[in-house]
Amino acid sequence: MLAWVGGYERAWRTPGVDVLAEIFTLDATYQQAPYLEPVVGLDAIGRMWEAERVGPDEEFRLTSSPVALEGDTAVVRVEARYGGPVPQEYRDLWIVRFAPDGKCLAFEEWPFWPDKDYRAEPR
């Protein structure tokens, strides 16, 4: 699991998207938040990836720790800190389902930002 997270970070820091084939299956899904529709397929993930990052040279730090691993599914707690003109940080839970070859078959993020109020709205 931690090796896969390391591969994800390396891919984020690598120009282009060819390296994504090392960590995602061809038919992988990538869901950026619990209520968003997943991006489906390696090519679509690559397009999303390029649209989301400033570039492979952007300043950021990623730390992670495993929360759970059962069968082919892992949960990882992640903290991302981005530098640049407008610093940004968030904490994230990743739910990663692995194919038998160790590549990600399904990726789901649950991002949390420090300035957002997550208390439930009154009904």
So do [Y] and [X] actually touch side chain to side chain, heavy atoms under 4.5 Å?
X	Y	result
Glu79	Arg81	yes
Leu20	Trp49	yes
Asp27	Leu105	yes
Cys104	Arg97	no

Gap between atom [atom2] of [Y] and atom [atom1] of [X] - 0.5 Å precision:
X	Y	atom1	atom2	result
Leu42	Arg47	CG	CZ	10.0 Å
Ile95	Phe107	CD1	CZ	9.5 Å
Leu26	Lys103	CG	NZ	7.0 Å

Nearest non-hydrogen partners of [X] and [Y], listed with the distance:
X	Y	answer
Arg10	Ala3	NH2-O, 4.2 Å
Arg53	Trp12	NH1-O, 2.6 Å
Val17	Gly46	CG1-O, 3.5 Å

| query | Hey, is CG on Leu2 packed in by over 12 heavy atoms from elsewhere, all under 6.0 Å? | reply |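 Check passes, neighbour count above 12.
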| query | Do other residues, nucleotides or ligands put more than 12 heavy atoms under 6.0 Å from the CG atom of Asp101? | reply |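 Yes.
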N/O donor-acceptor pairs under 3.5 Å from side chains in residues 66-78, not counting sequence neighbours:
none

| field | Partners passing side-chain contact (heavy atoms from CB on, under 4.5 Å) against Glu22 (at least two apart in sequence or in another chain) | value |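 side-chain contact (heavy atoms from CB on, under 4.5 Å) check on Glu22 returns Val19.
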| said: Could you go through Trp110 and Trp94, starting from their C-alpha distance and side-chain angles, then the distance that decides it, and tell me whether this counts as ring-ring contact (aromatic ring centres under 6.0 Å, His included)? | reply: CA-CA 6 Å; Trp110 288 66; Trp94 291 356; over 10 Å; no
| said: I'd like to know if the side chain of Arg91 reaches the main chain of Ala80, judged simply by a donor and an acceptor atom lying under 3.5 Å from each other, with no hydrogens or angles considered. | reply: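 Not a single qualifying donor-acceptor pair exists.
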| Taking the side chain from Trp4 and the backbone from Ile23, do they hold a donor-acceptor pair closer than 3.5 Å? |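 Answer holds: yes.
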Tabulate below the donor-acceptor pairs under 3.5 Å that side-chain atoms of residues 28-40 make, not counting sequence neighbours, or state none.
| unit_1 | atom_1 | unit_2 | atom_2 | d |
| --- | --- | --- | --- | --- |
| Tyr30 | OH | Tyr8 | OH | 2.5 |
| Tyr30 | OH | Glu109 | OE2 | 3.4 |
| Gln31 | NE2 | Ala33 | O | 3.3 |
| Gln31 | NE2 | Pro34 | O | 2.8 |
| Gln31 | NE2 | Leu36 | O | 2.9 |

